[in-house]
Amino acid sequence: MTRIDDTFARLRAENRKAFVTYIMAGDPDAGKTAEILAGLPGAGVDIIELGLPFTDPMADGPTIQLAGQRALEGGMTLKGTLDLVRDFRTADDATPIVLMGYYNPIYSHGVDRFLEDAKAAGVDGLIVVDLPPEEDVELCIPAQAAGLNFIRLATPTSDDKRLPKVLQNTSGFVYYVSITGITGSGAADAAKVGPEVARIKQSTDLPIIVGFGIKTPEAAEGIAAVADGCVVGSAIVDRIAKGHSAEDVLTYVASLADGAHRG
Amino acid sequence: MPEDLLNSFMTGPDENGRFGDFGGRFVSETLMPLILELEAQYEHAKTDPTFWAEMDDLWANYVGRPSPLYFAERLTERLGGAKIYLKRDELNHTGAHKINNVLGQIILARRMGKTRIIAETGAGQHGVATATVCAKFGLKCVVYMGAHDVERQSPNVFRMKLLGAEVVPVTSGRGTLKDAMNDALRDWVTNVEDTFYCIGTVAGPHPYPAMVRDFQAIIGKEAKEQMKAAEGRLPDTIIAAIGGGSNAMGLFFPFLDDKDVAIIGVEAGGKGVNAKMEHCASLTGGRPGVLHGNRTYLLQDDDGQILEGHSISAGLDYPGIGPEHSWLHEIGRAKYVSITDKEALEAFQLCCETEGIIPALEPSHALAHVAKIAPDLPRDHLICMNMCGRGDKDIFTVARALGWEMGEVI
């Protein structure tokens, strides 16, 4: 059992949906990220996704691309990202943290060394956008062996034929990508997402969390209502980009969390 | 010899798209069903005689193949050593080897019912070739090009627009070829139903490296036959320039099992392969990593962040290299060297003066290496170099580098 499994067990017992947020590590600097991270659980966030910056985020829209650039220009690294997690853990040993990013910084660090360091820092799960099931031997299988959840993205293009392959070796939860597209684009449509979530649920007992294209408390409520929870990323990162204080960002996050928890 | 245990160097990639440890399918889940479908369609087309009949017809009548294998007599005399042949792929329609591959991919796209073609381009040669073939078949064409490259390759931008393509200047990242490829992938992930991504080099997720190589292999197949006809035997050394590596892979592939043929790939050394990373020599100055769907040698920092290279040639300005080259490098079947901007410029001028051929800056790198080694080789040593593009597009860059104001030239 990881913190992710514990969190979903608790949410199920409370009959509540999960609210998940994404922010980029080091955007615009480590201090601001640490301040926001520390406030997320209090704002109602159940699971934290922390972006690992990469120069070439090919599945991300402009908002998260620019967040990654700001982080890298501010000197953020893989090691710095793990330091943020370690610091967070000194005050919070319950809220799960999922690192989300691309494979090359991890590969460059060395997979075994990375898993050891991530586990020691208090990371619970990984979402690595450019590692489909076809590349499971790279990181997915070693990560599970090391006790980290490997969370897979399922998409509108994951048809019934492909779905079993996507779900195999997935743990923690399934991240359903609501649109074909990049982060921050389009708008998730609950009427379309609902049947897709139901379809995926026929093949797995894992919770299904929906992300991409959720920007308002109302949208968070609508999507959470047809799934086990929802993720908001770009809309939060956008406020950080505009220079909002950590307090303002957290107030906004709390409004989204209320929406998701109503769902 | 241990390499005899390998029956052939031409069997790759394996079913997972790997050449040894390199290659693979490192893409987001949204794209996986698309590249699996593409692989299935390509596997089918590859053995379908009607597919190749259509290719042969267009190669002959639209592109102008076979391209000549030309004995560069004055260049040979000037260098005073090995006998130098140029494979004249710069004479193709659109002025470079790029169209060999574009035709194959567009015919495949048509078979798959795709109506919208996207491409990335650096120097603009692949963009022009894609726009050309799309115009021929009445397909919508969108070309992603780094904003920096749009500026330095403006004649090609205008050509693409004349051909009816939409050229999207890419400002994300630093605005060069790798950023154009990122944006093309972002487009593809958004428009999965009607869009075909026509990749211009032997990189990207499987099956692209193998598919693009197979389409470009016409270069090497022709060169082999032409050299036999001219000299009654195979060349001793074959040489080509490498950015992503498609013209080189096209020349090299049919020769991989001819173990007496030395194979040399020439990377862009920019201002010199050193710690300052002002070059694009992925093999001589990089290390293995994962980018744009495949594992290969990359220019990157200690944290695994991708670095921007530098080359005077926009077509070689890419921080990676096709995975099959990485494999050939590691097993030692091909040798990879680098040539600086300055050496390439000298070779560019040498070629103009001795042969009346204005080469592109990309093959000027290969030619610079030929000029380095030919003088010390015996006169019966046969070199075959791929002249993969013509230099019309580069005259402004060259003028600037040589300190000429275009107005003053006359």
Side-chain angles (χ1 to χ4, degrees), chain A residues 52-62 65-66 68-69 71-72 75-81 101-110 114 128-135 137-139 152-159 161-163 165-166 175-177 179-183 185-186 212, chain B residues 15-18 21 23-37 39 170-174 178-193 195 204-206 286-296 298-308 319-320:
Chain A
L52 180 62
F54 182 48
T55 38
D56 293 82
M58 60 186 185
D60 284 302
Q65 290 171 35
L66 292 171
Q69 277 184 26
L72 292 172
M76 188 46 62
T77 58
L78 186 147
K79 188 180 166 299
T81 304
Y102 296 80
Y103 185 39
N104 199 53
I106 295 170
Y107 179 72
S108 168
H109 193 78
F114 166 77
V128 183
V129 180
D130 52 354
L131 286 177
E134 279 72 6
E135 303 293 351
V137 292
E138 295 280 335
L139 180 64
R152 190 95 69 198
L153 303 178
T155 70
T157 61
S158 312
D159 59 16
K161 191 169 136 240
R162 181 150 177 88
L163 203 51
K165 188 151 192 146
V166 173
Y175 186 132
Y176 180 70
V177 177
I179 53 168
T180 56
I182 50 180
T183 53
S185 67
F212 285 41
Chain B
E15 59 187 14
N16 295 314
R18 298 294 180 98
D21 204 24
R25 302 184 186 98
F26 297 88
V27 296
S28 61
E29 175 56 28
T30 308
L31 292 181
M32 267 317 296
L34 279 74
I35 65 169
L36 291 173
E37 167 71 7
E39 184 185 343
V170 174
T171 53
S172 67
R174 299 266 170 80
K178 92 174 165 68
D179 305 299
M181 198 150 178
N182 288 332
D183 267 19
L185 286 162
R186 289 175 186 129
D187 178 311
W188 202 23
V189 114
T190 309
N191 300 291
V192 296
E193 294 297 330
T195 298
H206 179 63
R287 62 192 169 89
V290 173
L291 178 71
H292 293 152
N294 61 120
R295 173 164 28 232
T296 192
L298 298 172
L299 302 183
Q300 53 185 320
D301 70 11
D302 291 343
D303 195 41
Q305 305 297 339
I306 308 304
L307 297 171
E308 298 286 338

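In this text the structure is predicted, and so the values were computed from the model without any measurement. Below, read A as the first sequence line, B as the second, and so on, with proteins coming before strands; counting in each chain starts at 1.
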Does any non-hydrogen side-chain atom of B:V189 lie less than 4.5 Å from one of A:I182?
yes
Please lay out, stage by stage, how B:R295 and A:E135 fare under the test salt bridge (Lys or Arg N to Asp or Glu O under 4.0 Å).
CA-CA 11 Å; B:R295 173 164 28 232; A:E135 303 293 351; 5.6 Å; no
Output the option from A:I106, A:D159, A:I179, A:V129 having the highest count of non-hydrogen pairs under 4.5 Å with chain B.
A:V129
Contacting moiety of B:R174, where chain A heavy atoms sit under 4.5 Å
neither
Below 4.5 Å from any heavy atom of chain A, which atoms of B:P205 appear? Answer side chain, backbone, both or neither.
neither
Residue pair B:L36 / A:E134, side-chain heavy-atom distance below 4.5 Å:
yes
Heavy-atom check, side chain of A:N104 versus side chain of B:Q300, under 4.5 Å:
yes
Closest approach of A:P132 to B:F26 (non-hydrogen atoms, all atoms of both residues):
CD-CA, 4.3 Å
Are B:Q305 and A:S108 close enough that some pair of their side-chain heavy atoms sits under 4.5 Å apart?
no
Do you know which of B:N16, B:L31, B:V290 has the most heavy-atom pairs with chain A at a distance under 4.5 angstrom?
B:V290
Turns out that what part of A:P57 lies under 4.5 Å from chain B's heavy atoms comes down to both
How close do A:Y107 and B:D21 get, heavy atom to heavy atom, and via which atoms?
OH-OD2, 4.3 Å
With side chains defined as the heavy atoms from C-beta onward, is the minimum distance between A:D56 and B:L291 less than 4.5 Å?
yes
Pair count under 4.5 Å, heavy atoms only, with chain A: among B:G304, B:G293, B:A184, highest is B:G304
Check whether A:L66 gets within reach of chain B through its side chain, its backbone, both or neither, counting any heavy atom under 4.5 Å.
neither
What heavy-atom pair brings A:T55 and B:I306 nearest, and what distance separates the two atoms?
OG1-N, 2.9 Å
Any side-chain heavy-atom pair of B:S28 and A:M58 under 4.5 Å:
no
Would you name the heavy atoms of A:Q65 and B:S172 that are closest together and state the gap between them?
OE1-CB, 3.2 Å
For A:S185 and B:R186, test the side chains for any donor-to-acceptor distance below 3.5 angstrom and give the result as yes or no.
no
